[in-house]
Amino acid sequence: MNVDLLAHPAEEVAPKLLGSVLTCKTPEGTVSIAITETEAYSGAADPASHAYRGRTPRNAVMFGPAGHLYVYRSHGLHWCANVVTGTDGTASAVLIRAGRVIGGEDLARQRRGEKVEGARLARGPGNFCQALGIRAEHNGADLLTGTSVVLAEGESAPAALIKVGPRVGVSKAHDWQHRFYLAGDPTVSAYRLSPRAKPSAGA
């Protein structure tokens, strides 16, 4: 993966990440997942972004440089993985919402549960990280030159299959068209409107 591909606003990078492959190497083994669904989050202009109110110790990785992994805990339950994009000093990241396991499926299934069907192994951001083995220690990992978590180009997604829609489960700026996914792919998560969502102005 070339850093030049990531050095742009999140909403420009998010659709380009579809088809890319994220690989995580752990003591238990290695899992690779092809990305099928993403969501873009910006900084001060995006009310749904962790960086909306400025830089903090928690969100510092979001401010660059591009090509690093921003990992956070959602609702105290699940880890979520984001690819940092944009220019150094400006917060921008793409949340990886879902993917298709293409390597290490046995290990992914051990982590997710033996009875979980293949299409659901990495469906949803929390399940994606669980299947891949991403945890707090991966926050800030260099995806381009590192060894533990690596982002690589995969098969380019056909433009006709790339769909765009509102973000899932967020209460602020939920109607921004910043979610990108592969139409008809069974690994893509279902759209869910937050019960706290209100109409908003924006991109």
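The basis for the numbers below is simple: all heavy atoms, side chains too, and nothing from hydrogens, waters or symmetry mates.
- Side-chain N or O atoms of His178 include none that pairs as donor or acceptor with a backbone N or O of Glu11 at under 3.5 Å.
- In this structure, Val101 and Ala122 approach most closely via the heavy-atom pair CG2-CB, 4.4 Å.
- The side-chain heavy atoms of Leu18 and Phe180, taken from C-beta on, include a pair separated by under 4.5 Å.
- Proximity of a side-chain donor or acceptor of Asn139 to a complementary backbone N or O of Val71 within less than 3.5 Å is detected.
- Of all heavy-atom pairs spanning Cys129 and Ala81, the tightest one is SG-N, 3.4 Å.
- Using a 4.5 Å heavy-atom threshold, the side chains of Arg179 and Val168 count as touching.
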Problem - Intermediate values then yes/no, side chain to side chain donor-acceptor pair (under 3.5 Å), Thr36 and Arg100 - result: CA-CA 7 Å; Thr36 59; Arg100 181 177 66 258; over 6 Å; no
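- Ser92 and Thr85 are linked by a side-chain donor-acceptor pair at a separation below 3.5 angstrom, with hydrogens and angles left out of the test.
- Proximity of Pro15 to Tyr181: side-chain heavy atoms (C-beta onward) are nowhere separated by under 4.5 Å.
- Annotation: side chain of Leu144 is in contact with side chain of Leu6 (closest heavy-atom distance under 4.5 Å).
- A side-chain contact (heavy atoms from CB on, under 4.5 Å) with Glu105 is found for one member of Val31, Ile33, Leu121 and no other, namely Leu121.
- In this structure the side chain of Trp176 never reaches within 4.5 angstrom of the side chain of Val170, judged on heavy atoms.
- His138 places a side-chain N or O within 3.5 Å of a backbone atom of Arg135 that can act as its donor or acceptor partner.
- Panel note: side chain Arg55, backbone Met62; no donor-acceptor pair is recorded below 3.5 Å.
- Considering only heavy atoms from C-beta on, Leu69 stays 4.5 Å or farther from Val84 through its side chain.
- Of the possible polar contacts, one joining the Gln130 side chain to the Arg111 backbone as a donor-acceptor pair under 3.5 Å is found.
- Taking CD of Glu155 as the start and OG of Ser20 as the end, the distance is 11.5 Å to the nearest 0.5 Å.
- Using a 4.0 Å cut-off between charged nitrogen and carboxylate oxygen, Glu37 and Arg123 do not count as a salt-bridge pair.
- A distance-only check finds a donor-acceptor pair linking the side chain of Asn59 to the backbone of Thr56 [under 3.5 Å].
- Between Pro166 and His174, the shortest heavy-atom distance links the atoms CB-O, 3.2 Å.
- Of all the heavy atoms in Arg112 and Arg120, the pair that sits closest is NH2-O, 2.9 Å.
- For the pair Arg167 and Tyr41, the distance from NZ or CZ to the six-membered ring centre is under 6.0 Å and the angle to the ring normal is within 45 degrees.
- The side-chain heavy atoms of Thr30 and Thr23, taken from C-beta on, include a pair separated by under 4.5 Å.
- Leu143 places a side-chain heavy atom less than 4.5 Å from the side chain of Val149.
- Atom CG of Asp46 is separated from atom NZ of Lys172 by 11.0 Å, given to the nearest 0.5 angstrom.
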